[in-house]
2 protein chains.
Amino acid sequence: MRMEPIKTIEWIADQPKRLVPGMIRLVDQTRLPGELILMETRDLRQVWTAIKTLQVRGAPAIGIAAALGVVVAVQDSRAATGAALATEVEQAADYLATSRPTAVNLFWALDRMRLRARADSRRAPADLKARLIEEALAILKEDLAMCRAIGRHGAGLLKDGQTVLTHCNAGGLATSQFGTALAPIYMAQEQGKHIRVYADETRPLLQGARLTAWELMRAGIDVTLICDNMAAQVMKAGRIDLVMVGADRIAANGDSANKIGTYGVAVLAHAHRIPFYVLAPSSTFDLKLTTGDAIPIEERGAEEITCGFGKRTAPEHVKVYAPAFDVTSARLITAIICERGILKPPFGKAIKKAVDRRL
Amino acid sequence: MRMEPIKTIEWIADQPKRLVPGMIRLVDQTRLPGELILMETRDLRQVWTAIKTLQVRGAPAIGIAAALGVVVAVQDSRAATGAALATEVEQAADYLATSRPTAVNLFWALDRMRLRARADSRRAPADLKARLIEEALAILKEDLAMCRAIGRHGAGLLKDGQTVLTHCNAGGLATSQFGTALAPIYMAQEQGKHIRVYADETRPLLQGARLTAWELMRAGIDVTLICDNMAAQVMKAGRIDLVMVGADRIAANGDSANKIGTYGVAVLAHAHRIPFYVLAPSSTFDLKLTTGDAIPIEERGAEEITCGFGKRTAPEHVKVYAPAFDVTSARLITAIICERGILKPPFGKAIKKAVDRRL
């Protein structure tokens, strides 16, 4: 039996032949890895809470949840006109935008829903509702296509029997399915290749232990969990053929911001002559940033480190430094893989071309 | 007020003018950092349990606890002769040796106590008891002198205002006081230098968070706790002037085995041109090992990673790789500091000389 990664977020229509009304079904990621709870909702407030409390996480998955959230908000509306319905769309979008105020993908997806509502506000309400769910599902399908494209390009780099190290979770759980950094592994599996994975647990929030290990195991992929500080030893022992990680933001020169610890893995990979790949959608490129030096390093709360496991494991009042992410210099990156293809250094030209094709 | 590191283990005589009878007072390290519990005991079984359950930990501290454990075992003995008392010493030592079967320092300290008992078995029991406590306190004093010597040599490398990164706990809590890797920091403080420390939390058992951060804070030293995967970012940001770590075992060429994660820190320090120092007593040198390749990498149980602090944070049945330590190649080590002085590369000759002076 071929296994595939779980669908992180889906739309379940009430009737087979009509897309609306329906409900959102999503994997409650706060319950993983202990329990697989599929949360089903047709309630706007619940969608807001799901985004706020990280039941759904990962930029692409948040965008999809928000777009579908707009649909559940208005699908039972009794608005008499398309224009009135479009106003309800704006209100729902405004509300959802407050769930995670720094999530760029959230705003982008909500803006697409607003634009659709405005463009079609002269239609009958039923017709506009159909257009809205189509728009939201288009966002989902585009994400799926993006993940599969990144996966296909990346899978070409994987030989049967190889072992990949990954950090954090740029997996299916961060997108609709398949993910970015993990997509090549799933695609290679589809191609019949046997790929092994080492997953950094990724302190402080343990996304590697909780999410990456879980989704890979569930898809039947051979995954071994390690603490972050074991990656060097695993590389030294010759167990790793290549590193694949995601990115939150990539500067024009290829410098890549990602979860804290990624930069350290890149330095270690470089020292052990192991190829280091960054996998992310082309929407991650930010040409306004000349280099990664311009990216401010956000800091997180100390409690994530001092009380990580429900139990206090550090002295009261200890000073903590908790950067949320770090920036990997382009010179440490073997290639950047986006849905447009494999970009090789020097990255400047290749990134510009990938962005231009996107526009 | 000048602060100094806590005494990890002490002997408290019942009367001011006689060393025996008395009791052992030790910091219960299983209760840190939440509570500072000074456990006082004159009971052999309790000493055995303290070693077994890591209430006392770190090779030197374990050796001292065991030697004092022999004293509490026999101090109230009514043996009629020194020879009979010496037999009780052998029995107590045999029993204590079962507490942690791989702790070399434990056996070494117990053997010293056996030899003392045998050598003085013709003395009167009261006299032999006095000789035994003197031997045990000699082990403690030698440890203290060793720590202070390492500290003095190391403090010479520290300039006022500098920042040290350390990994795990090679601090006062692993010895009688002061420690090895942390001794230079305490000595520099005595000299009036202001030294800052970054402490890796050190997964899976968090000795950095629980012990290093605690003992440095308690001694009034400016310490900042980070997750292991943040060390690279902290180095990149220019916050670290040098790295100081301990060692469990050092091969004839300088390759050094220490807590998992140390090797990764060494690679990162090298990449950022930050000096990397190993600090350990000369008893750590093992000339039977030509290089570190001969050191087998012990693996620990998966539960330490998957259920770190009472809560399961990884999927059931996930495969785990959990090396207990790693080996840092001599080429990554700027200098090795032992009680004999600062050894510089190539280490082979310097290590041999330090060992020869010791014999």
Side-chain angles (χ1 to χ4, degrees), chain A residues 32-34 167 198-204 206 209-210 213-214 217-218 222-234 236-237 239 259-268 270-272 297 302 305-306 308-323 325-327, chain B residues 32-34 167 198 200-204 206 209-210 213-214 217-218 222-234 236-237 239 259-268 270-272 297 302 305-323 325-327:
Chain A
L32 296 178
H167 188 75
Y198 276 82
D200 281 353
E201 65 173 6
T202 317
R203 282 282 284 150
L206 300 175
R210 293 188 297 109
W214 183 87
M217 279 177 84
R218 199 174 179 284
D222 182 347
V223 58
T224 302
L225 179 65
I226 57 172
C227 294
D228 301 306
N229 68 21
M230 297 167 185
Q233 167 60 21
V234 172
K236 192 187 185 193
R239 297 187 186 209
K259 182 68 57 197
I260 186 66
T262 304
Y263 166 64
V265 173
V267 173
L268 294 173
H270 189 78
H272 293 88
I297 303 292
I305 297 180
T306 57
F309 307 84
K311 185 177 164 184
R312 186 157 191 101
T313 52
E316 295 278 354
H317 311 301
V318 67
K319 211 195 289 187
V320 168
Y321 175 58
F325 57 85
D326 54 30
V327 177
Chain B
L32 294 177
H167 188 75
Y198 275 82
D200 280 354
E201 65 171 6
T202 317
R203 281 281 285 151
L206 301 175
R210 293 189 296 110
W214 183 86
M217 278 176 82
R218 201 176 176 285
D222 182 348
V223 56
T224 302
L225 179 65
I226 56 171
C227 295
D228 301 306
N229 67 22
M230 295 166 186
Q233 167 60 22
V234 173
K236 191 186 186 192
R239 297 187 185 208
K259 181 67 61 201
I260 187 67
T262 304
Y263 166 65
V265 173
V267 172
L268 294 175
H270 189 79
H272 294 88
I297 303 293
I305 298 180
T306 58
C307 299
F309 295 84
K311 186 175 163 186
R312 186 157 192 101
T313 51
E316 296 278 353
H317 311 302
V318 67
K319 213 195 291 186
V320 168
Y321 175 59
F325 56 87
D326 55 31
V327 177

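Lettering follows sequence order; numbering is per chain, from 1. Predicted model only: the values in this text are computed from it and were never measured.
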Checklist entry - Which bit of A:Ile297 is near chain B, if near means a heavy-atom gap under 4.5 Å: side chain, backbone, both or neither? => result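 For A:Ile297, side-chain heavy atoms alone lie under 4.5 Å from chain B.
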
Contacting region of [X] [heavy-atom separation from chain A under 4.5 Å]:
X: B:Asn229; answer: both
X: B:Gln233; answer: both
X: B:Val327; answer: both
X: B:His272; answer: side chain
X: B:Thr262; answer: neither

Checklist entry - Between A:Lys319 and B:Asp222, is there a side-chain N and carboxylate O pair less than 4.0 Å apart? => result yes

Give the member of [options] that has the highest number of heavy-atom pairs under 4.5 Å with chain A.
options: B:Arg210, B:His270, B:Lys311; result: B:Arg210
options: B:Leu32, B:Leu268, B:Leu206; result: B:Leu268
options: B:Val320, B:Val265, B:Asp326, B:Ile226; result: B:Val320
options: B:Gly308, B:Ala271, B:Pro323; result: B:Pro323
options: B:Cys307, B:Pro204, B:Cys227, B:Ala322; result: B:Cys227

Next on the checklist: Can you tell me how far apart OH (B:Tyr321) and CE (A:Met230) are? Round to the nearest 0.5 Å.
Outcome noted: 8.5 Å

Next on the checklist: If you count heavy-atom pairs within less than 4.5 Å of chain B, which of A:Arg239, A:Lys259, A:Glu316 leads?
Outcome noted: A:Arg239

Checklist entry - Which one, A:Arg218, A:Arg312, A:Lys236, leads in non-hydrogen pairs under 4.5 Å with chain B? => result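 Between A:Arg218, A:Arg312, A:Lys236, the count favours A:Lys236.
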
For [X] and [Y], work out which heavy atoms get closest and say how close.
X: A:Pro33; Y: B:Ala314; result: CG-C, 3.4 Å
X: B:Ala209; Y: A:Thr313; result: CB-O, 3.4 Å
X: B:Gly264; Y: A:Ala232; result: CA-CB, 3.4 Å

Checklist entry - Taking side chain as C-beta onward, heavy atoms only, is A:Asp228 less than 4.5 Å from B:Arg203? => result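 They are not in side-chain contact.
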
Item to check | Heavy-atom check, side chain of B:Glu201 versus side chain of A:Ile305, under 4.5 Å | outcome: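 B:Glu201 vs A:Ile305: side chains touch.
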
